[in-house]
Structures are given as C-alpha cells and as structure tokens.
Protein chains: 2
Amino acid sequence: MQTKAVWKDGMTFEVQLDGHHIVIDAMPEHGGRDLGPRPKGLTVSSLVGCTGMDVISILNKMRQEVTAFEVAGEAQLADEHPKRFTAIKVIYRVEGEINSEKLKHAVELSEDRYCGVSATLRPSVELTSEIWLNGQRLVD
Amino acid sequence: MQTKAVWKDGMTFEVQLDGHHIVIDAMPEHGGRDLGPRPKGLTVSSLVGCTGMDVISILNKMRQEVTAFEVAGEAQLADEHPKRFTAIKVIYRVEGEINSEKLKHAVELSEDRYCGVSATLRPSVELTSEIWLNGQRLVD
C-alpha cells in the first residue's frame, strides 16, 4: 500500500492515494489557505470510513434495509506535543428496517475482525463506540 | 476533533472533515465504483501529510530554499484479518538549496516531537524513514 503527499506551495499538499487526489492544507493562522482538511484528522476519517464500509457491507449480506447511515468519529488529543490521539469515540447512526441484534453483530464483526484501522489504533488509543438505530441508542 | 463518513449509496461514502468533503469508495470487486480512494490508506496519507507539513514549516523557519518536496508512505499489512498496518516506511524527497544536517534535524523534530500521527502509530507499527536530498540518500 502506497501513498504520497506532494508539496504544491505554502502549506498545500496534494495527497495521492489509490489513483485519486486529495488536497490538504493548513489554516491561515498556520500559514495555510484552508484549501483542504488538515492531515491529522484523516486518521480518524480512515477509521470511520473503514468501519463504515465494513458495516454497510455486512448489513447488505444480512439483507437488512438501510435507508440512511453515517459513522462519526470524535477524537481526543494529548495536550502536549506530540499531540497524539488518546481516545476516539465512533458513533454509528443507522436508519431503516434493521434488526438491532444484527446491527450490533455487524459492528462487532468490524471492530473485532475486519477493520484494520481499528486494529492498528487500538494498542495506543482508547476506542469506544455507540450505536444508534432509528434515533434510539442501542445498549449492550 | 470530529469527522464523519456519510453513506451515499453502494459502497460510496462522503467523508466530512474540517469543512471539506472527500469521497471514499470500494473497488468494483468489492461492490464499489472506485469514485474515491479506499479508507484504509488514509491512515498512511494522514501520516505523510502530517510529517510533510511539519518538515516544510520547519525548513521555512530555517530559511532553507525548498524547490520540490514530497513524502511517500509505503505500508505493510498483516496477512490475516484484521489486516492491521505492521510497518510503514516514510520517504522524504527534497530538492533545493538545503543544508543536509538541517534537513535531518527537521525530520527528527517532526518524528520525535511534532507529528501526532507518528506518535499515535508508533506503539503498534514499525515506523522507519529515509531522507533523499537532491537525489542522494542521506545517511545518519
């Protein structure tokens, strides 16, 4: 797996990944022009995207009718440099005609078995999750 | 720090980060349409983008004249699920009128002190780096 960040000018870089391009940039107070997101948050985007794809794929295989789905990530950072991620909460919000036990199982399968980003981060970051189905929080 | 992956259809998600949008998607063999990169590699993009911004910023402060700069990331994944990252090599390629010791110091400052993504990954991923200046590899 390869990726590359190519400097354009100022604090702007073009990230190349899987044949696609993403612009990243700093905020004006750090010399940038905000032409794209900051790179650090992409770690959390990677996590929520990875588990999101797992879960939608598993729910499809379970023949559950998903009408809306999003996965949010809320990250805590260390106060001092290096400002590493200390904790990330992943919040699954799903709507549709879905069996709640199947949904919980789909999330567990991603967290424990499939999501390589979770598995990479877990030794150093406190990972927690919440599941909401049709506006109601599911509890274990 | 917050981010969100919003499911569009198929395996396509729109990632929201810092007020910007990135499309991620799976390959056709996994039910996607390749409308954007896979989410997993964004972890490595985050790492190379983060350290890239550190290094260009430090070189600017050191008044070094950078004419071209890119940071590549080459990642190894576990063979079995969950396919976590096991090793990432970060390759800095810099061109310009730059003092090689200052460049090495800039990279060290990012790796050891500033880059929160490196600090997050280091406990679980073997991180190594190479520095190339005007086509020549710098050695320690």
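Atom set for the values below is all heavy atoms of this structure, side chains included, hydrogens, waters and symmetry mates excluded. Keep in mind that what you see is a predicted model, and the values were worked out from it rather than measured. Every chain is numbered from 1, with letters handed out A, B, ... down the list of sequences.
Contacts between A:Lys83 and chain B at a heavy-atom distance below 4.5 Å involve the backbone alone (N, CA, C, O). At a 4.5 Å heavy-atom cutoff, A:Val90 makes no contact with chain B through either its backbone or its side chain. Only the side chain of B:Ile22 comes within contact range of chain A, with at least one heavy atom under 4.5 Å from a heavy atom of that chain. The contact between B:Leu17 and chain A is made by backbone and side chain atoms together, counting heavy-atom distances below 4.5 Å. Of the atoms belonging to A:Asp9, not a single heavy atom falls under 4.5 Å from chain B. Contact annotation for A:Val15: only side-chain heavy atoms (C-beta onward) come within less than 4.5 Å of a heavy atom of chain B. In this structure, chain B has a heavy atom under 4.5 Å from the side chain of A:Ile56, while its backbone stays farther away. For B:Leu35, the part lying near chain A is the backbone, with the side chain staying farther off; criterion is any non-hydrogen pair under 4.5 Å. For B:Val125, the part lying under 4.5 angstrom from a heavy atom of chain A is the side chain only. Contacts between A:Phe85 and chain B at a heavy-atom distance below 4.5 Å involve backbone atoms as well as side-chain atoms.
Counting heavy-atom pairs closer than 4.5 Å to chain B, the top-ranked of the candidates A:Gly49, A:Ala26, A:Ala68, A:Ala5 is A:Ala5. When each of B:Ile24, B:Leu77, B:Ile88, B:Thr86 is checked for heavy-atom pairs under 4.5 Å with chain A, B:Ile24 comes out on top. Ranked by non-hydrogen atom pairs under 4.5 Å with chain B, the options A:Glu74, A:Arg113, A:Glu14 are led by A:Arg113. Among the candidates A:Gly10, A:Gly19, A:Cys50, A:Gly36, the residue making the largest number of heavy-atom pairs closer than 4.5 Å to chain B is A:Gly36. In terms of non-hydrogen atom pairs under 4.5 Å with chain A, the most contact-rich of B:Thr12, B:Asp18, B:Ile91 is B:Asp18. Comparing A:Ala78, A:Gly73, A:Ser110 by heavy-atom pairs within less than 4.5 Å of chain B, the highest count is held by A:Gly73. Comparing A:Ser124, A:Pro37, A:Ala72 by how many heavy-atom pairs each has under 4.5 Å with chain B, the most go to A:Pro37. No other option in B:Val23, B:Val71, B:Val6 has as many heavy-atom pairs under 4.5 Å with chain A as B:Val71. For chain B, the option among A:Glu80, A:Lys8, A:Gln2, A:Arg38 with the highest count of heavy-atom pairs below 4.5 Å is A:Arg38.
Residue A:Glu29 qualifies as enclosed at atom CD: its count of foreign heavy atoms under 6.0 Å is above 12. No more than 12 heavy atoms of other residues, nucleotides or ligands lie within 6.0 Å of NE2 in A:His105, so this atom counts as exposed by the packing criterion.
Annotation: side chain of B:Lys4 is not in contact with side chain of A:Val48 (no heavy-atom distance under 4.5 Å). Contact annotation: the side chain of A:Met53 approaches that of B:Phe13 to within less than 4.5 Å [non-hydrogen atoms, C-beta and beyond]. Counting heavy atoms from C-beta outward, A:Leu42 and B:Leu47 have side chains that stay 4.5 Å or more apart.
Interatomic distance, A:Ser118 OG to B:Arg84 CZ, rounded to the nearest 0.5 Å: 12.0 Å.
A:Val44 and A:Met27 fall into different hydrophobic clusters, where Ile, Leu, Val, Met, Phe, Trp and Tyr side chains are chained together by heavy-atom contacts under 4.5 Å. Two different hydrophobic clusters hold A:Ile98 and A:Trp132 under the rule that ILVMFWY side chains link at heavy-atom gaps under 4.5 Å.
Considering every non-hydrogen atom in both B:Gly116 and A:Lys40, the closest pair reads CA-CE, 3.9 Å. A:Gly41 and B:Met1 get closest at one heavy-atom pair: CA-SD, 3.4 Å. Contact between A:Pro39 and B:Ser46 at its shortest, heavy atoms only, is O-OG, 2.7 Å.
Residues B:Thr43 and A:Thr43 have side chains that never bring a donor and an acceptor to within less than 3.5 angstrom of each other. No donor-acceptor contact under 3.5 angstrom links the side chains of A:His20 and B:Asp25, judged on distance only.
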